[in-house]
Structure formats: structure tokens, C-alpha cells
Amino acid sequence: MDRVIEFLGKFILWLLVILFLIGSSFLVVYFVMRSQGMTYYVEFKGERYYANSDGGNITLIEGELSEFSVKSLTDEDINYSVCVTSNYANNFRFSVRDELYKFYGDDEELNDYSEIFDLQKTDSGFTVCVPRNTTLTSVIEQKFNGSITFFDEINEDLSYFVITVSSGASSVSLWFDFEPIQVGVDPPKVTF
């Protein structure tokens with residue numbers, strides 16, 4: 001009986017040591033991330049994008065409501081702002097009614113496309129919806145209420161829009177493109 005008690009004592013002691021080491025390593029990682037400004041993250045389809053990191057490039061499906069959650073590293077709700085803007089990295093020139101514009105310019109209001117993508121913010125996250133049959137041209141024409149003429153070449157494979165989530169001095173940037181909803185029919189095979 002003494003050997004069983006001795007074995008249980010050693011087992012419990014080793015279990016406590018292991019739990020202590022695991023807990024300590026989580027605390028170290030937490031404080032390192034916090035010191036680098038990574039105090040929150042944005043989650044989309046199971047993928048986490050941390051504040052002050054490189055962000056990410058995502059694809060949104062036309063006509064589908066895309067849900068994002070915004071949480072602190074301790075999984076609490078945080079105070080944040082979010083907007084959908086033109087992507088400064090993929091800039092070009094265009095005109096509407098004989099007036100020349102840059103896709104990304106100095107005017108924040110002209111850069112903001114949140115309304116067109118139906119951005120809806122809640123305490124714990126936000127949703128974005130790309131309208132059906134959306135193209136870069138249709139989005140700009142809706143924003144500027146008129147037909148446009150491009151002065152630079154457009155590459156449909158680039159991400160022309162970015163979702164930016166900000167809290168304090170840190171932010172997360174999610175560049176996105178969109179593709180049409182895919183309807184697939186997989187008929188059963190009939191073999192004679």
C-alpha cells in the first residue's frame with residue numbers, strides 16, 4: 001500500500017510540474033505577442049489573423065454573407081473599428097464624367113467602399129457581403145454613380161480591396177478578391 005501511495009505522489013508531482021511548464025510557456029508567448037502589439041485577432045473561416053502581423057489575403061464568394069469575429073488574446077470582446085477600402089498597393093487612374101480620380105487617393109471618403117460591401121459591425125465581429133455579379137468596374141461605378149473609363153491596365157487577379165480592423169495603434173489588414181458562387185451538380189452514375 002505504501003508503494004501505491006508513493007507512486008501516486010510522484011505521479012501527481014510530475015503532473016503538476018508538466019502543467020506548470022505548459023502554463024508558463026503560454027504566459028511567455030502571451031506577453032511576447034502583447035509586447036509586439038498583437039493584442040487581438042480577426043478570425044475568418046477558422047483562420048486567425050493577428051494584429052500588427054502581415055494580415056492575409058482572402059477570397060469572398062459573391063452573394064454569400066462572410067462572417068468575421070474580432071477577439072482579444074484572452075477571447076474577450078474589444079473596442080475596434082472596421083472599414084473596407086481601396087487597396088493602396090494596386091492603384092490606378094480612372095475618370096467619371098470627365099473628372100480624373102485615383103483608385104486610392106488622399107480622400108478617405110472616396111477610398112471607403114464599406115457601404116457597397118454591406119459592412120455590418122457588432123461587438124464581437126462583423127459581416128461583409130459581396131453583391132452578385134460584382135466586378136471592379138461595377139463597384140466603382142456604383143460608388144461614383146456613373147460610368148468609368150480606365151486609364152491604366154487592370155488585372156482581375158489582383159486584390160483591389162482591403163478590410164482593415166483597427167484597435168488603438170494596431171491593425172489587421174485582409175486583402176480580398178471575390179469570385180462568383182459555384183453551383184455544382186454531381187449526378188449519380190448509372191451503370192448497366
Side-chain angles (χ1 to χ4, degrees), residues 33 36-71 78-122 125-182:
M33 289 177 76
Q36 294 177 353
M38 295 181 186
T39 57
Y40 68 95
Y41 62 90
V42 177
E43 187 169 356
F44 176 65
K45 292 188 176 181
E47 188 76 30
R48 289 183 178 181
Y49 302 93
Y50 291 93
N52 287 350
S53 65
D54 291 337
N57 196 353
I58 60 176
T59 300
L60 303 178
I61 306 299
E62 292 178 7
E64 193 174 281
L65 189 66
S66 299
E67 296 182 22
F68 299 80
S69 61
V70 181
K71 297 283 185 184
I78 63 166
N79 186 19
Y80 70 96
S81 63
V82 60
C83 62
V84 177
T85 61
S86 48
N87 186 352
Y88 67 89
N90 298 320
N91 209 357
F92 57 85
R93 297 169 301 147
F94 65 94
S95 69
V96 179
R97 293 180 295 279
D98 297 329
E99 188 142 351
L100 185 64
Y101 295 96
K102 284 187 176 179
F103 184 59
Y104 182 86
D106 295 333
D107 188 336
E108 286 184 30
E109 187 177 324
L110 291 179
N111 294 336
D112 191 348
Y113 287 82
S114 300
E115 187 176 311
I116 293 170
F117 291 105
D118 195 25
L119 174 68
Q120 301 293 320
K121 179 184 179 251
T122 65
F126 60 94
T127 59
V128 173
C129 186
V130 177
R132 288 190 191 274
N133 302 318
T134 296
T135 63
L136 176 62
T137 303
S138 69
V139 170
I140 297 170
E141 287 179 345
Q142 184 177 350
K143 169 82 175 173
F144 287 86
N145 199 23
S147 54
I148 66 169
T149 303
F150 290 106
F151 287 98
D152 298 311
E153 189 173 325
I154 303 302
N155 182 349
E156 292 294 332
D157 295 330
L158 296 177
S159 297
Y160 285 102
F161 299 97
V162 62
I163 299 170
T164 304
V165 180
S166 303
S167 180
S170 60
S171 66
V172 176
S173 296
L174 299 171
W175 299 272
F176 71 92
D177 52 11
F178 37 86
E179 58 186 43
I181 193 163
Q182 301 291 325

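Just so it is clear, the structure is predicted and the values come from calculations on it, not from any experiment. Counting begins at 1 with the first residue of the sequence.
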Distance (rounded to the nearest 0.5 Å) between Ile58 CD1 and Phe178 CZ: 12.0 Å

Parallel, tilted or perpendicular: which one describes the rings of Phe161 and Phe117, with boundaries at 30° and 60°? perpendicular

I'd like to know if Glu43 and Arg48 make a salt bridge, using a cut-off of under 4.0 Å between side-chain N and carboxylate O. yes

When rounded to the nearest 0.5 angstrom, what is the spacing between SG in Cys83 and CD in Glu115? 13.5 Å

Thr59 side chain vs Asp177 backbone, donor-acceptor pair below 3.5 Å: no

Surrounding OH of Tyr88 (heavy atoms of other residues, nucleotides or ligands, distance under 6.0 Å), is the total greater than 12? no

Is atom CD of Glu156 surrounded by more than 12 heavy atoms (other residues, nucleotides or ligands) closer than 6.0 Å? yes

Quick one: does Tyr113's side chain get under 4.5 Å of Ile140's, heavy atoms only? yes

Find the distance between CD1 (Ile154) and OG1 (Thr137) and round it off to the nearest 0.5 Å. 7.5 Å

In this structure, CD of Glu108 is separated from OG1 of Thr85 (nearest 0.5 Å) by 9.5 Å

Tell me the closest heavy-atom pair linking Ser173 and Thr164, and the distance in Å. OG-OG1, 4.2 Å

Would you mind writing out the side-chain donor-acceptor pairs for residues 89-97 within the sub-3.5 Å range, not counting sequence neighbours?
from  : atom 1 : to     : atom 2 : distance (Å)
Asn90 : ND2    : Ser159 : O      : 2.7
Asn91 : OD1    : Phe103 : N      : 3.2
Asn91 : OD1    : Tyr104 : N      : 2.8
Asn91 : ND2    : Tyr104 : O      : 2.8
Arg93 : NE     : Asp152 : OD2    : 3.3
Arg93 : NH2    : Asp152 : OD1    : 3.1
Arg97 : NH1    : Asn145 : O      : 2.7
Arg97 : NH2    : Phe144 : O      : 3.1

Phe68 vs Val82, side-chain contact (heavy atoms from CB on, under 4.5 Å): CA-CA, chis, key distance, verdict: CA-CA 11 Å; Phe68 299 80; Val82 60; over 6 Å; no

Identify the heavy atoms of Leu65 and Cys129 that sit nearest to each other, and give their distance. CD1-CB, 4.0 Å

Hey, does the side chain of Asn111 reach the backbone of Asp106 with a donor-acceptor pair shorter than 3.5 angstrom? no

Are a donor atom and an acceptor atom from the side chains of Gln120 and Asp118 found within less than 3.5 Å of each other? yes

4.5 Å side-chain heavy-atom contact, Ile61 and Glu179: yes

Which atom names give the shortest non-hydrogen contact between Glu62 and Asn133, and what distance separates them? OE1-N, 2.8 Å

Would you compute the distance between atom OG of Ser66 and atom CG of Leu119 and round it to the nearest 0.5 angstrom? 11.5 Å

Rounded to the nearest 0.5 Å, what's the gap from NZ on Lys102 to CG on Asp107? Could you check? 13.5 Å

Checking Tyr160 side chain against Asn155 main chain: does a donor-acceptor pair fall under 3.5 Å? yes

Exceeds 12 heavy-atom contacts within 6.0 angstrom, atom CG of Asn79: no

Considering all heavy atoms, the nearest Ile78-Lys71 contact: CG2-C, 4.5 Å

Heavy-atom closest pair (Tyr40 atom, Ser167 atom, distance to 0.1 Å) is OH-N, 3.4 Å

Polar side-chain atom of Tyr80 near backbone of Gly125 as donor-acceptor pair, under 3.5 Å: yes

Under the 3.5 angstrom rule, does the side chain of Tyr49 hit a backbone N or O of Phe44 as a donor-acceptor pair? no

Hey, mind stepping through Ile163 and Phe126 against side-chain contact (heavy atoms from CB on, under 4.5 Å) and telling me if it holds? CA-CA 11 Å; Ile163 299 170; Phe126 60 94; 3.8 Å; yes

State, to 0.1 Å, how close Ile116 and Gln142 come at their nearest heavy-atom pair, and which atoms those are. CG2-OE1, 3.8 Å

